[in-house]
Amino acid sequence: MASSGEEGRVVVDLRSAAESAGDEDTHATPLHEMESLCMRCGENGTARVLLTLIPHFREVVLMAFECPHCNERNNEIQFAGQLQQKGCCYTLKVPMGQSEILNRQVVKSDSATIKIPELDFEIPPEAQRGTLSTVEGSIMRAISELQALQDERKKVDPQKAEAIDQFLVKLRCLGSGEAAFTFILNDPSGNSFIENPYVFFVAFGVHII
């Protein structure tokens, strides 16, 4: 599962997450809750599981875990139904100040890579596992994960830590819409997706292979 870190965008309210995905049949789908062991503190937390349909994509299983003892929260997305026969590559152009594009939903599978060529930046599959987020959320999570070890880096390699701090400033500018950039989602399994608000047309700024 993917840890939320400090991003605050973890999917815990699965019903709201499914409704925000636009699934008209969400209320007919049961939300399952169960006790689950917290891998961080060893106490019992609550796991929530929901099967839902993301329109014009496929059925997915949303899973979220929350521990009341240590406040660990994480989420994961898995794929139900038919396997994809082909891979996919989405290229999304994000103009400066376009918050509605930053808020587009992103389904990232365990095998997908995210690239932002303007910063020569890549999020490999193992860095962010299967998640349901947004363009902004994917960037903010990357920032959180890079920031997490900065205190240790400053002690061991101050020069490298300073370079990462400078890079994080640029990355935050993209996440807040202060600069235009290209968001590439490449998945050889075909199980990833960027929301298309225009049902029968290719969305503005999106190129799909």
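Just so it is clear, the values below take in all heavy atoms, side chains as well, and ignore hydrogens, waters and symmetry mates.
- When side chains are defined from C-beta on, Val49 counts as touching Met34, because their heavy atoms get closer than 4.5 Å.
- With no hydrogens or angles considered, a side-chain donor-acceptor pair links Thr182 and Lys93 at under 3.5 Å.
- You'll find the side chain of Lys170 stays beyond 4.5 Å of the side chain of Gln166, heavy atoms only.
- Atom CD1 of residue Ile184 and atom SG of residue Cys89 lie 6.0 Å apart, to the nearest 0.5 angstrom.
- In this structure, Asp157 contributes its side chain and Arg153 its backbone to no donor-acceptor pair below 3.5 Å.
- Gln105 and Ser133 share no side-chain donor-acceptor pair at under 3.5 Å.
- Counting all heavy atoms, side chain and backbone alike, Cys67 lies closest to Cys41 at SG-SG, 3.7 Å.
- Annotation: side chain of Lys154 is not in contact with side chain of Glu162 (no heavy-atom distance under 4.5 Å).
- Atom-to-atom distance recorded for Arg40:CZ and His69:NE2 is 13.0 Å, nearest 0.5 angstrom.
- Side-chain N or O atoms of Ser138 include one that pairs as donor or acceptor with a backbone N or O of Thr134 at under 3.5 Å.
- We find the CG-CZ distance between Leu102 and Phe181 to be 5.0 Å, quoted to the nearest 0.5 Å.
- Listed for the Glu136 side chain is no donor-acceptor partner under 3.5 Å among the backbone atoms of Ser176.
- In this structure, CD in Gln159 is found 11.5 Å from CD1 in Ile164, a value given to the nearest 0.5 Å.
- Between Leu119 and Leu171, the closest side-chain pair of non-hydrogen atoms falls below 4.5 Å.
- To the nearest 0.5 Å, atom CD1 of residue Ile123 and atom NZ of residue Lys115 are 12.0 Å apart.
- Here the CZ-SG distance, from Arg73 to Cys38, works out to 13.0 Å after rounding to the nearest 0.5 Å.
- By the 30° and 60° cut-offs, the orientation of the rings of Phe121 relative to Phe167 is tilted.
- Phe183 pairs in a side-chain contact (heavy atoms from CB on, under 4.5 Å) with only one of the listed residues (Thr91, Val106, Ile101), which is Val106.
- In summary, Glu178 and Arg172 do not engage in a salt bridge, as defined by a charged side-chain N under 4.0 Å from a carboxylate O.
- Of the possible donor and acceptor atoms, one in the side chain of Lys108 sits under 3.5 Å from a partner among the backbone N and O of Ala112.
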Side chain to side chain contact (heavy atoms under 4.5 Å, CB included) evaluation trace for Gln150 with Asp165:
CA-CA 8 Å; Gln150 275 297 80; Asp165 279 338; 2.8 Å; yes
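- Side-chain N or O atoms of Glu122 include none that pairs as donor or acceptor with a backbone N or O of Thr113 at under 3.5 Å.
- Between Arg104 and Glu195 no salt bridge is recorded (no basic side-chain N to carboxylate O distance below 4.0 Å).
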Pair Val107-Ser192, side chain to side chain contact (heavy atoms under 4.5 Å, CB included): steps then yes or no:
CA-CA 5 Å; Val107 176; Ser192 295; 5.5 Å; no
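- Shown here is Glu100, whose CD atom has more than 12 heavy atoms of other residues, nucleotides or ligands within 6.0 Å.
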Using side chain to side chain donor-acceptor pair (under 3.5 Å), reason through Ser109 and Asp187 one step at a time and then give a plain yes or no.
CA-CA 8 Å; Ser109 81; Asp187 186 358; 2.7 Å; yes
